[in-house]
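These values consider heavy atoms only, across backbone and side chains, with no hydrogens, waters or symmetry-generated copies. Read the numbers this way: they start at 1 and go in the same order the structure lists the ligands and their atoms. Heads up: numbering here begins at 1 and tracks the sequence.
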Amino acid sequence: MKPVEIKKDIFWVGAVDWNSRDFHGYSLSPRGTTYNSFLVLDEKVTLFDTVKSDCFNELLCGIAQACGGEPKVDYMVVNHLEPDHAGCLDEIVARFKPEKIFCSPMGEKALRSFYHNSQDWPVEVVPTGASISIGKRTVQFIETRMLHWPDNMISYIPEDKIAFCSDAFGQNWASTERFADEVDRGMLGRLLAEYYANIVLPYSPMVLKTLDALAGMNLDIDMLCPDHGLIWRGKEDVQYALDSYRAFALQKPTKKAVIAFDTMWHSTEKMARAICDGLVEEGISVRVMSVKHNHHSAVMAELFDAAAFIVGSPTHNNGILPMVADLLTYVKGLRPQNKIGAVFGSFGWSGECVKVLTEHMEAIGVELVDPGVKVKNRPTHDTYAACFEMGKKIGQAINAKIDA
Ligand code: FEO
């Protein structure tokens, strides 16, 4: 896509990846994504982040068009070293020979280990509080560790009230629009939350600290430019993004439950539906998610604001089905907080499913409000009644917790 002038002499020169579905190797991006790179035309032409290496030609074209023919990069600012943003660093260095490359202290460590040929690169480390002049403008740097790697930082230009915020406040959405105010807000909010749930969630305590630190700095920001997705333009939208992140990081549960399960011969699936009915009876909104039909990142996108996590699997080889184990491993890594839950499953002979699921749930930190339900081979009327009652019990626990 052509570069877009987002402020006077400041251009989006990124790439739209319409076909991206596998995001970072572990989550899905069903609507594609963008890699946002920004070029500021000043006495020192400064590039903020690059794009995934496959998209280098698009970046190059954007830089050339923004520069009006003669492409130039005097300064390179690396807000984040993950390869979807720093993937063209070596190409940029080879082609433009920037006078300086700025990155955070942790960024330098990452840069040296990603680019083994970087010994002679003119790297300058800019910790929080450092600032540089690029001509009429200054750039101030703020480290934002673990949003989403240790190296991330925000670059802020006070003269333009613009902040380039790397992974923070991003969304996976390939679009021809560049600004958040040009797209459907409901969808955008959903994608912002999905991104947070799958990428940023484990670092929620750091998010709260960073938001407090930013508030303490009294930065005057009227444009927030993440490295993925739409740009937040205007004070109201900037505040929307900041407030959304605070709400996400606080992980306040809602009256919602996620029942995730796998099944062999539909016994565990039928149990899931009976548990769902019990929850609904108590006024809880439920998502019933077969792990065969819902990727673990889709389950996580629903789970992160739910009050309850309920997991089912038949017993398989003295354990649980592998796709349920995959989900539980993924969820554990994302460290969701404030969840209650329960487990269930069918079995043929040995019947370890409830025991094994319980161990997983305890490792995640889910507070189990019921010992769980298991059934040999096919559910009976009594099994359905037990599942229904367990759903009701969890629903009552959700209501008690949220209404307290
Ligand atoms: Fe989009 Fe942490 O990279």
Side-chain angles (χ1 to χ4, degrees), residues 12-38 47-56 58-59 76-90 92 102-115 141-155 163-175 178 180 188 191-207 210 224-232 241 244-245 248-249 297 300-301 304 330 333-335:
W12 174 88
V13 290
V16 180
D17 191 346
W18 297 99
N19 295 331
S20 165
R21 292 296 180 271
D22 175 5
F23 188 70
H24 290 38
Y26 52 79
S27 70
L28 292 186
S29 50
R31 290 177 177 265
T33 195
T34 69
Y35 313 111
N36 297 338
S37 172
F38 301 95
L47 183 67
F48 294 81
D49 287 328
T50 70
V51 296
K52 207 170 175 181
S53 57
D54 324 353
C55 305
F56 179 61
E58 280 177 70
L59 174 65
M76 174 79 233
V77 174
V78 188
N79 280 329
H80 186 23
L81 260 298
E82 193 155 11
D84 47 340
H85 309 297
C88 301
L89 209 45
D90 48 354
I92 292 288
F102 300 97
C103 61
S104 69
M106 295 305 283
E108 194 210 0
K109 290 190 170 78
L111 184 145
R112 300 298 184 200
S113 50
F114 268 112
Y115 291 103
F141 300 100
I142 304 150
E143 290 169 70
T144 52
R145 289 189 185 200
M146 307 320 295
L147 254 108
H148 127 253
W149 277 9
D151 65 292
N152 285 72
M153 64 176 184
I154 291 179
S155 302
F164 303 108
C165 51
S166 60
D167 278 324
F169 314 109
Q171 338 84 42
N172 286 320
W173 194 350
S175 63
R178 294 278 66 80
L188 185 66
L191 295 179
L192 182 71
E194 285 183 9
Y195 182 96
Y196 189 94
N198 284 286
I199 314 291
V200 189
L201 188 66
Y203 315 115
S204 291
M206 302 294 281
V207 171
T210 303
L224 201 48
C225 302
D227 275 354
H228 294 289
L230 286 303
I231 296 165
W232 306 95
S244 297
Y245 258 45
F248 298 159
S297 60
M300 196 60 222
F304 102 109
Y330 185 70
L334 289 166
R335 294 177 228 151

Evaluate D84 against H228 for side chain to side chain donor-acceptor pair (under 3.5 Å), listing each step before the verdict. CA-CA 10 Å; D84 47 340; H228 294 289; 3.0 Å; yes

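Between the CD atom in E82 and the CZ atom in F114 there is a gap of 7.0 Å [rounded to 0.5 Å]. Rounded to the nearest 0.5 Å, atoms CH2 (W18) and OG1 (T34) are 10.0 Å apart.
Within a radius of less than 2.8 Å around atom 2 (Fe) of ligand 1, the protein N, O or S atoms are H80 NE2, E82 OE1, H148 ND1, D167 OD2.
Paired with F169 under the rule ring pair (Phe, Tyr, Trp, His ring centres under 6.0 Å), one option of F248, Y245, Y195, W232 passes, and it is Y245.
Residues satisfying the ring-ring contact (aromatic ring centres under 6.0 Å, His included) criterion with F48, sequence neighbours excluded, are F164.
Defined by atom type and a distance below 3.5 Å, a donor-acceptor pair is missing between the side-chain atoms of T144 and T210.
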